[in-house]
Amino acid sequence: MKITKICCIGAGYVGGPTMAVIAQKCPHIQVTVVDLNEQRIADWNDPNPENIPIYEPGLSEIVAEARGRNLFFSTDVDKAIDEAQMIFISVNTPTKTYGKGKGMAADLKYIELCARQIARVAKQNKIVVEKSTLPVRTAEAIKSILDNTGNGVQFQILSNPEFLAEGTAVADLLNPDRILIGGDTTQEGEEAINSLVEVYSNWVSKDRILTTNVWSSELSKLTANAFLAQRISSINAMSELCEKTGANVNEVAKAIGMDSRIGPKFLKASVGFGGSCFQKDILNLVYIAKSYGLNEVADYWEQVIIMNDHQKRRFSNKIVQTLYNTVADKKITFLGWAFKKDTNDTRESAAIYVADDLINEQAKISVFDPKVSKTKMLSDLDYLETRENKNNLDALSVFDNAYDACKDAHAIAILTEWDEFTTYDWKRIYDSMHKPAFIFDGRNILNAKQLESIGFVYNGIGA
Ligand code: UDX
Ligand code: UDX
């Protein structure tokens with residue numbers, strides 16, 4: 001089937017950028033992104049492309065080019081489903097907060113709602129593409145819903161996991177390492193796979209487009225994220241050992257990264273990984289392994305999460321210990337709240353957990369992040385339900401620049417590796433702080449020697 005109309009359900013961090021790039025690269029395909037959230041769609045339609053709801057370098061330019069031409073954002077989900085030959089499902093799949101599998105399994109209620117809506121609306125054959133990260137064998141459940149509640153039309157389910165990383169989403173989409181498409185091994189399945197291959201081959205060379213069966217594709221996404229997260233937990237485990245032995249984790253990472261079998265990427269020790277995927281996907285993997293009775297497999301991967309939680313807690317403990325075992329009423333400034341640089345996403349950011357620990361110790365947290373609003377920070381803390389909103393509000397003050405945020409602070413903690421942090425006038429910041437002035441560099445981005453020569457007491461990760 002030659003695809004001329006695509007619909008994507010879910011205008012989030014994945015659906016929005018992915019569809020914008022498809023629309024830009026395939027002017028002959030009409031791409032409609034729909035979402036239940038009216039405000040989100042209104043924001044995507046903001047006349048000024050700079051105001052779209054997701055910040056990704058290069059994204060607003062692409063939206064400016066394609067929007068209104070062949071890229072549309074709408075809340076009319078039924079119409080978009082009805083018109084499209086191919087429907088991407090890109091809704092969120094958070095970890096369950098209730099019932100069986102609570103805290104581990106993915107909550108598939110939104111996926112199921114999408115499947116039921118597609119089944120109800122579709123009057124012609126459709127290809128349904130799973131874009132959200134899902135537990136293995138979800139395609140089967142979607143197929144069963146579509147076939148049993150639909151109007152007798154044929155559905156093909158494809159798995160097409162997204163490997164883009166936030167902050168580099170546009171570059172990752174334009175120039176992907178690989179595109180993975182899983183589908184049925186029947187003739188209809190292969191035809192559906194080919195339709196999607198054709199879409200991507202408008203800008204991706206065919207040797208980078210990999211096709212597999214549905215289950216391999218679903219599992220590959222979880223495996224890729226588990227491997228990436230495992231590298232970070234591995235180097236973070238070493239960072240603690242480095243601190244005890246006098247080794248320097250940056251030097252160790254460089255030394256092992258030069259082994260071409262290991263490679264240099266994802267070896268940066270940090271306060272701990274965050275983001276919407278790593279923890280959720282590993283928990284999913286653990287849950288699936290356990291459900292098949294594979295306890296050793298489950299325990300092996302769960303350790304990656306345990307290590308990450310330990311790393312976050314270790315960071316806040318170190319701040320308290322270094323500040324003479326009390327941070328009560330002390331102002332501690334966070335530079336960065338996002339889970340990594342170049343994004344306004346804060347999901348599972350280490351900053352949230354470190355702030356929570358320090359507020360429990362009655363510290364006053366002041367924050368500057370170039371892209372994250374105070375409302376977002378507060379809702380992140382409220383979501384943990386450690387204390388009432390009012391108490392979070394009292395404990396948190398947010399500034400629109402680092403110099404004001406650091407004034408009169410006892411310590412600074414770097415939580416996100418924003419480039420601009422390395423360009424500050426650190427002498428000016430030092431002069432405005434309580435002495436001794438401490439820096440806890442949770443990202444190892446600052447120049448320790450230079451800061452020490454100014455007078456700071458510098459603490460990095462793993463040195
Ligand atoms: C994506 C993937 O879908 C998720 O599985 C992956 O692990 C992380 O990335 P993301 O795009 O980041 O999720 O999520 P989010 O930014 O929350 O966007 C999802 C959108 O779907 C939201 O705008 C939400 O309003 C919308 N939605 C959700 C619907 O339109 N319908 C629903 O039924 C549920
Ligand atoms: C990840 C995967 O990289 C991507 O392929 C998948 O589709 C979604 O999940 P993302 O979560 O956007 O992408 O960001 P990523 O760059 O992987 O970083 C995740 C976390 O690990 C961040 O908190 C980051 O700061 C941290 N990290 C990364 C480290 O602490 N050290 C590193 O060496 C690399």
Side-chain angles (χ1 to χ4, degrees), residues 8-19 33-41 43-44 53-54 56 73-75 77 80 88-95 106-117 130-135 138 161-169 172-173 176-178 180 220-222 224-229 231-236 239 249-250 253 257 264-282 284 308 311-312 336 338-351 415-418 442-445 461:
C8 172
I9 310 180
Y13 281 91
V14 171
T18 308
M19 292 303 125
V33 190
V34 294
D35 202 297
L36 289 179
N37 183 335
E38 290 182 11
Q39 185 57 48
R40 207 163 214 188
I41 292 299
D43 291 343
W44 279 107
I54 283 164
E56 278 292 337
F73 295 92
S74 159
T75 48
V77 184
F88 287 79
I89 302 184
S90 189
V91 299
N92 42 336
T93 50
T95 303
D107 192 337
L108 297 178
K109 70 178 172 203
Y110 301 127
I111 299 284
E112 174 161 349
L113 283 174
C114 287
R116 288 185 185 275
Q117 190 163 12
E130 300 176 339
K131 201 63 180 158
S132 308
T133 310
L134 297 167
T138 305
E162 188 49 73
F163 295 104
L164 65 81
E166 288 177 31
T168 55
D172 295 342
L173 284 161
D177 283 352
R178 80 311 206 175
L180 181 58
S220 298
K221 171 65 188 257
L222 298 187
N225 278 344
F227 270 58
L228 290 169
R231 281 174 69 99
I232 303 170
S233 276
S234 296
I235 199 73
N236 281 344
S239 76
V249 79
N250 300 324
K265 293 181 182 165
F266 272 74
L267 287 181
K268 192 141 184 50
S270 69
V271 53
F273 60 76
S276 69
C277 282
F278 282 177
Q279 172 158 320
K280 185 187 74 176
D281 288 355
I282 292 177
N284 243 314
N308 197 49
Q311 188 77 349
K312 292 182 271 189
F339 82 97
K340 62 189 271 197
K341 72 174 181 178
D342 293 338
T343 177
N344 59 353
D345 193 350
T346 64
R347 286 176 286 182
E348 291 301 327
S349 180
L415 274 305
T416 313
E417 71 282 23
W418 287 100
R443 296 295 186 160
N444 288 354
I445 53 169
I461 302 277

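Heavy-atom basis, side chains included; hydrogens, waters and symmetry copies ignored. Only a predicted model underlies this, so the values are computations on that prediction, with no experimental measurement involved. Every number for a ligand or one of its atoms is a count from 1 in the order of the listing.
Residue Lys221 places a heavy atom less than 4.0 Å from ligand 2. Not a single heavy atom of Arg231 sits less than 4.0 Å from an atom of ligand 2.
To the nearest 0.5 angstrom, Cys114 atom SG is 12.5 Å from Lys109 atom NZ.
Taking the charged nitrogens against the carboxylate oxygens, Arg347 and Glu166 do have a contact shorter than 4.0 Å, which makes a salt bridge. Between Glu417 and Lys341, no side-chain nitrogen of the basic residue sits less than 4.0 Å from a carboxylate oxygen of the acidic one, so the salt-bridge criterion is not met.
Under 4.0 Å from ligand 1, the heavy atoms of Cys277 that appear belong solely to its side chain. Contacts with ligand 1 closer than 4.0 Å are made by no heavy atom of Gln117, backbone or side chain.
Atom 8 (C) of ligand 1 has its nearest heavy-atom neighbour, among Gly15, Ser276, Gly10, in Ser276. Which of Phe266, Phe339, Phe273 comes nearest to atom 17 (O) of ligand 2 through a heavy atom is settled by distance: it is Phe266. For atom 19 (C) of ligand 1, the nearest non-hydrogen atom from the set Asn92, Leu164, Thr133, Ile54 comes from Asn92. With distances taken over non-hydrogen atoms, the option nearest atom 14 (O) of ligand 2 out of Glu162, Gln279, Lys340 is Lys340. Looking at Arg347, Lys131, Lys280, it is Lys280 that brings a heavy atom closest to atom 6 (C) of ligand 1.
Between the side chain of Asp43 and the main chain of Pro53, no donor-acceptor pair closer than 3.5 Å is present.
The protein atom (non-hydrogen) at minimum distance from atom 29 (C) of ligand 1 is Val91 CG1, 3.6 Å.
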Start with the C-alpha distance between Tyr13 and Asn344, add both sets of side-chain angles, then the distance that settles side-chain hydrogen bond (donor to acceptor under 3.5 Å, both in side chains), and finish with yes or no.
-> CA-CA 10 Å; Tyr13 281 91; Asn344 59 353; 2.8 Å; yes
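Checked by distance only, ligand 1 and Leu113 stay at 3.5 Å or farther apart across all their nitrogen or oxygen atoms.
Within the listing of ligand 1, atoms 11 (O), 15 (P), 16 (O), 18 (O) sit less than 4.0 angstrom from a heavy atom of Gly12.
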